[in-house]
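These notes are about the structure you will find just below.
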Amino acid sequence: MRIDLHTHSAVSDGTDTPTELVHAAAAAGLDVVAITDHDTTASWAAAARAASETNLTLIRGSEISTQLGPRSVHLLGYLFDPDEPLLAAELDLIRDNRVPRLQEMTRRLQEQGVLVTWDDVLEQAGSAESVGRPHLADALVARGFVASREVAFATLLGWQSPAYVAKYSPDTAAAIRLVRAAGGVPVIAHPWAGGRRGALDLAMIASLIDAGLAGLEVDHLDHDDRTRAELRGTADDLGLIVTGSSDYHGTGKQGYGLGVCTTSPQSYEALLAAAGPNGVDVVG
Ligand code: AMP
Ligand code: ZN
Ligand code: FE
Ligand code: FE
């Protein structure tokens, strides 16, 4: 069984439609794929229709933007009820705030003489429900300011850049409780990505157990072997499910191909068992 539990479509900052993503996952030989667009469930219906036409099992999820003190923490929520009002309202709030935040980043770039417009960004975002820095990066590429999303993040859009504006995000523990209350399974995504080993230390991760944290994403391209070994130890110590994924973004992130990292069948079974009775089922 090949299981990839974290992917993005063009409903957020990936480049495949949800239908294309599901077909690409089947073609890549995956048995299970999770669609986890940032702060939205708008990809679920199309992905479910596509999955029901293949042999693939679809896990419906979202990668939720949260913060633990000053740290940005991405929280994968799986199998939650998308209509549970408190969680749905929080996702709306995060998503709605992404718009003025990205407009302010665009304005700051203009101030620096980087003449990219909000219309450029909207053109790149297309029908995305959840807009983000990758769409601004694509606008910068289209205008010829940078060669790729990667270069845009490294030069103009990273958190240390003058144009950077933080986005609204709820407290991690609060978001974990919302996912659980909606019947879902909360897993911290790439806890030590970007070479930030120990970014969330054992005590911080342990503090999320009471809120209902279920798992840690360990096998991810942004984690080197030593990081994975340490995180696996942390997960063992705390009784957390270990997951793995590609964090696929279509052509938006080079090298992060579907199935490049995967989740074990044992972890997958544990994840399914952790879902609440009010959550949604897998498709297929
Ligand atoms: P935002 O949510 O608007 O702050 O944008 C963050 C998103 O940008 C992340 O979810 C990544 O998918 C994407 N991202 C971050 N760094 C890079 C990079 N170096 N190259 C391409 N995409 C990136
Ligand atoms: Zn992304
Ligand atoms: Fe992430
Ligand atoms: Fe992601």
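Read the numbers this way: they start at 1 and go in the same order the structure lists the ligands and their atoms. We count residues from 1, following the sequence as given.
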Ranked by distance from atom 7 (C) of ligand 1, the top protein heavy atom is Asp13 OD2, 3.6 Å
Query raised in the report: Transitively linked via ILVMFWY side-chain contacts under 4.5 Å: Leu75 with Ile35?
Result: yes
query = Got Trp118 and Leu102 here, is their nearest side-chain heavy-atom distance under 4.5 Å?
reply = yes
The reported gap from CD1 in Ile205 to CG in Leu216 (rounded to nearest 0.5 angstrom) is 5.0 Å
- [ ] Could you check Arg107 against Glu104 for salt bridge (charged side-chain N to carboxylate O under 4.0 Å, His left out), going step by step and ending with a plain yes or no?
- [x] CA-CA 5 Å; Arg107 200 190 61 76; Glu104 175 61 14; 2.9 Å; yes
Exercise for review: Please lay out, stage by stage, how Asp13 and Arg133 fare under the test salt bridge (charged side-chain N to carboxylate O under 4.0 Å, His left out).
Suggested key: CA-CA 8 Å; Asp13 55 9; Arg133 282 182 288 164; over 6 Å; no
Given a cut-off of 2.8 Å, the protein N, O or S atoms lying below it from the Fe ion (ligand 4) are His6 NE2, His8 NE2, Glu63 OE1, Asp247 OD1
For Gly132, the atoms of ligand 1 under 4.0 Å from one of its heavy atoms are 3 (O)
Say whether Arg149, considering both its backbone and side-chain N or O atoms, lies within less than 3.5 Å of an N or O atom on ligand 1.
no
- Out of curiosity, is Arg101 lining ligand 1, as in a heavy atom under 4.0 Å away? yes
Quick look: His190 vs ligand 1, heavy-atom contacts under 4.0 Å, and the answer is neither
Check: Is the number of heavy atoms from other residues, nucleotides or ligands within 6.0 Å of CG (Asp236) greater than 12?
Finding: yes
Checking heavy atoms under 4.0 Å, the part of His38 that sits near ligand 1 is side chain
the protein heavy atom lying closest to atom 22 (N) of ligand 1 turns out to be Phe153 CE1, 3.7 Å
For His249, the atoms of ligand 1 under 4.0 Å from one of its heavy atoms are 12 (O)
Checking only N/O/S atoms, does Asp13 have one that is under 2.8 Å from the Zn ion (ligand 2)?
yes
Within 6.0 angstrom of Asp281 CG, more than 12 heavy atoms from elsewhere: no
Requested in this report: Test salt bridge (charged side-chain N to carboxylate O under 4.0 Å, His left out) on Arg226 and Glu230 and set out the steps.
Outcome: CA-CA 6 Å; Arg226 191 172 141 212; Glu230 285 181 41; 3.4 Å; yes
For Lys167, the atoms of ligand 1 under 4.0 Å from one of its heavy atoms are 1 (P), 2 (O), 4 (O)
- Message: I want to know whether His8 and His38 have ring centres closer than 6.0 Å.
- Response: yes
- Task: Quick one: do Ser130 and Ser12 satisfy side chain to side chain donor-acceptor pair (under 3.5 Å)? Show the steps, please.
- Result: CA-CA 5 Å; Ser130 187; Ser12 63; 5.7 Å; no
For the Zn ion (ligand 2), angle spanned by His249 NE2 and His38 NE2 (nearest 10°) is 130°
The single option from Asp4, Asp16, Thr7 that satisfies side chain to side chain donor-acceptor pair (under 3.5 Å) with Tyr248 is Asp16
N, O or S from His8 under 2.8 Å to the Zn ion (ligand 2): no
Per-atom filter on ligand 1: closer than 4.0 angstrom to a heavy atom of Arg98 are 1 (P), 2 (O), 3 (O)
Do any nitrogen or oxygen atoms of Arg133 lie less than 3.5 angstrom from nitrogen or oxygen atoms of ligand 1? yes
Verify side chain to side chain donor-acceptor pair (under 3.5 Å) between Asp120 and Thr117, making sure each step is shown before the conclusion. CA-CA 5 Å; Asp120 293 339; Thr117 68; 3.2 Å; yes
- Message: Using the rule given for side-chain contact (heavy atoms from CB on, under 4.5 Å), can you reason through Val218 versus Thr243, listing the C-alpha separation, both sets of side-chain angles and the distance that settles it, and then say yes or no?
- Response: CA-CA 6 Å; Val218 172; Thr243 69; over 6 Å; no
